[in-house]
Amino acid sequence: MEKLYFITGNKGKFKEAKIMLRPLNIKLIQTDIGYPEIQASDLKEIVLFSINFCNERLKSPFFLEDSGLFIDELNSFPGPYSRYIQDTIGNDGILKLLLNVNNRSAYFKSIVGLYKNGPHIFEGISRGIISNEILGHGGFGYDPIFIPEKSPKSFGEMTTIEKNKFSHRGRALEKLVTYLESGVE
Ligand code: ITT
């Protein structure tokens, strides 16, 4: 069986990817080799740099993924700084920043970078709103404060399978699956 590495330190992401890649006849392996993330405003640029860096170290097909939350009222903040903001002010901090703000539109963007006979990029977006309070405790990161369009529930209130249907990562990984299924070498 063919092996495919997912370079991530985030167990939640790996769980989501494992379910999405089930239709493929491959063995998905999590590895946390660590890689530098350059400071750039464009997620694609960050991911391209990271996959080229990792390709020097891992001589086997792999992918990694970078995502961010973009809040309209905050001029797309935290975007590429999502990790830092989650680790510092967290969900309570975001809710405070949006206290009494009516425009709660936001979106998540996921960029999956595959390295298999060269670099390939797949993008997924999930639009929605930031809730007024913490909802649920499932998932990870911003999940309990993000309600995707066409859903009554936040990501934090969904099972992993449900979240994959609505999420930025689910959408980007769906494109990855289609690409790998097509058997292009
Ligand atoms: P990697 O090892 O894969 O880089 P990470 O947790 O650092 O894992 P990112 O840099 O892609 O992941 O994520 C930036 C931040 O956004 C981080 O704090 C995540 O918890 C959060 N985040 C990413 N995807 C999310 C999702 O689907 N739901 C909620 N929060 C998410």
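Each ligand, and each atom within it, is numbered from 1 in the order the structure gives. Just so you know, these numbers come straight off a predicted model, no measurement behind them. Along the sequence shown, residues are numbered consecutively beginning with 1.
Screening K44, R171, K109, H168 for a side-chain hydrogen bond (donor to acceptor under 3.5 Å, both in side chains) involving E123 leaves a single residue, K44.
Screening residues 4-29 for ring pair (Phe, Tyr, Trp, His ring centres under 6.0 Å), with sequence neighbours left out, gives F6-F63.
Between the side chains of E65 and T8, no donor-acceptor pair is found at a separation under 3.5 Å.
Near ligand 1, residues T8, G9, N10, K13, Y35, E37, E65, D66, S67, S82, R83, Q86, F108, F140, G141, Y142, D143, K163, H168, R169 come within 4.0 angstrom through at least one heavy atom.
The ring pair (Phe, Tyr, Trp, His ring centres under 6.0 Å) check on F166 picks up nothing, with sequence neighbours excluded.
S167 places a side-chain heavy atom less than 4.5 Å from the side chain of F155.
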List, one per line, each side-chain donor-acceptor pair under 3.5 Å for residues 82-95, sequence neighbours excluded.
unit_1 : atom_1 : unit_2 : atom_2 : d
S82    : OG     : L69    : N      : 3.0
S82    : OG     : G79    : O      : 2.5
R83    : NE     : D87    : OD2    : 3.0
Q86    : NE2    : N91    : OD1    : 3.2
T88    : OG1    : Y84    : O      : 2.7
T88    : OG1    : I85    : O      : 3.3
N91    : ND2    : G141   : O      : 3.0

